[in-house]
Amino acid sequence: MRKLFQKQDIVIDLTSLLDVIFIVLLLVMCNQQLHAREAQQMTEDAAQKLEEASQLQQAFESHIEKYEETDEYVLFIDVTAAYSEKALTERTIQVMAGTDAAGQEPYAIHITPQSASDGYQELSEYLSASIEGYLSEGEEAARPVILTLNKGDDDILYRDEVAIRAVFENLAEKYGNIYLR
């Protein structure tokens with residue numbers, strides 16, 4: 001008797017399996033091309049944004065350089081009076097003068113209802129000392145000083161705004177080159 005199955009008689013049809021493999025391969029290749037296009041687009045976008053950021057950085061550096069040069073001709077003193085809604089009676093006045101203060105902590109004066117007049121007096125003395133120091137540095141004694149305050153802002157109480165404005169006006173009377181903003 002012959003064996004029922006001999007090696008020669010077994011035939012495996014792989015045609016349908018090859019069709020499936022080629023379809024999967026086609027899908028993978030299409031997916032890779034799609035991802036390659038997306039990656040290329042993202043790379044181009046990143047390069048464009050990097051160029052824009054570089055141009056913006058150069059513009060800011062140029063602007064800062066020009067602003068630092070104005071310190072020789074004009075002194076800017078920024079006064080900010082802020083309060084916390086949790087404690088309206090405790091406020092902080094911060095003073096930043098010139099470009100030298102860019103990397104430093106602002107000069108801070110803490111005010112309570114008991115120390116309000118002392119705080120405003122301290123502000124007046126600090127501003128006066130800053131102005132006199134600035135005027136003594138330069139060859140010209142008539143260099144302008146611009147005092148700014150965050151008036152009309154939601155972060156300042158009206159009573160602080162009025163008191164600081166009075167300090168500014170007293171300094172403007174004392175020195176002829178004070179301008180208020």
Side-chain angles (χ1 to χ4, degrees), residues 42-181:
M42 291 174 81
T43 304
E44 291 171 0
D45 290 345
Q48 181 182 2
K49 287 181 181 181
L50 183 64
E51 180 64 30
E52 290 173 2
S54 175
Q55 291 173 353
L56 190 60
Q57 180 182 8
Q58 289 174 350
F60 277 126
E61 287 173 356
S62 173
H63 181 74
I64 288 172
E65 183 179 305
K66 290 174 186 173
Y67 178 75
E68 287 174 348
E69 291 172 1
T70 62
D71 201 29
E72 298 176 18
Y73 309 105
V74 176
L75 174 65
F76 293 95
I77 300 177
D78 300 320
V79 178
T80 306
Y83 69 94
S84 171
E85 292 185 12
K86 297 176 184 173
L88 289 175
T89 58
E90 297 178 12
R91 287 117 44 220
T92 302
I93 297 175
Q94 295 180 338
V95 181
M96 292 184 2
T99 57
D100 296 335
Q104 301 174 359
E105 286 283 324
Y107 182 76
I109 302 169
H110 300 286
I111 296 179
T112 61
Q114 297 79 17
S115 68
S117 61
D118 294 336
Y120 298 130
Q121 181 64 31
E122 181 182 352
L123 174 66
S124 177
E125 291 169 1
Y126 180 78
L127 291 175
S128 183
S130 296
I131 292 168
E132 288 177 8
Y134 174 73
L135 295 178
S136 67
E137 287 177 5
E139 299 162 1
E140 299 178 25
R143 296 190 297 172
V145 177
I146 299 175
L147 299 174
T148 64
L149 175 65
N150 63 327
K151 72 174 191 168
D153 196 352
D154 290 340
D155 293 339
I156 188 170
L157 293 178
Y158 179 73
R159 61 180 175 243
D160 289 337
E161 183 179 335
V162 169
I164 294 172
R165 276 301 217 198
V167 169
F168 283 4
E169 290 170 2
N170 288 338
L171 290 172
E173 289 175 10
K174 184 177 179 182
Y175 305 99
N177 56 340
I178 304 291
Y179 299 94
L180 307 177
R181 182 187 155 265

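The figures here come from the full heavy-atom set of this structure, side chains too, leaving out hydrogens, waters and symmetry mates. Just so you know, residue 1 is the first one in the sequence shown, and it goes up from there. Owing to the predicted nature of the structure, the values given are computational and were not obtained by experimental measurement.
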Closest heavy-atom pair, S128 versus K174, reported as atoms and distance to 0.1 Å, is OG-NZ, 3.2 Å
Looking only at heavy atoms, what is the nearest atom pair of L171 and I178, with distance?
-> O-CG1, 3.7 Å
Kindly determine whether E125 and Q121 satisfy side-chain hydrogen bond (donor to acceptor under 3.5 Å, both in side chains), including the steps that lead there.
-> CA-CA 6 Å; E125 291 169 1; Q121 181 64 31; 3.2 Å; yes
Quick one: are I93 and D160 in side-chain contact, heavy atoms under 4.5 Å?
-> no
Do I131 and I77 have side-chain heavy atoms sitting under 4.5 Å apart?
-> yes
In short, H110 meets S115 closest at the heavy-atom pair O-OG, 3.9 Å
Note: I164 and A81 closest approach over all heavy atoms is CD1-CB, 3.8 Å
4.5 Å side-chain heavy-atom contact, I111 and Y120 | yes
Would you say the side chain of V74 lies within less than 4.5 Å of the side chain of Y179, judging by non-hydrogen atoms?
-> no
Would you please say whether a donor-acceptor pair under 3.5 Å links the side chains of E51 and Q55?
-> yes
Going by heavy atoms in the side chains, are F168 and L149 under 4.5 Å from each other?
-> yes
State, yes or no, whether a side-chain contact exists between L180 and R165 at a heavy-atom distance under 4.5 Å.
-> yes
For S130 and Y126, indicate whether the former's side chain and the latter's backbone hold a donor-acceptor pair under 3.5 Å.
-> yes
Between CG on residue L50 and CG on residue D45, distance to nearest 0.5 Å = 12.5 Å
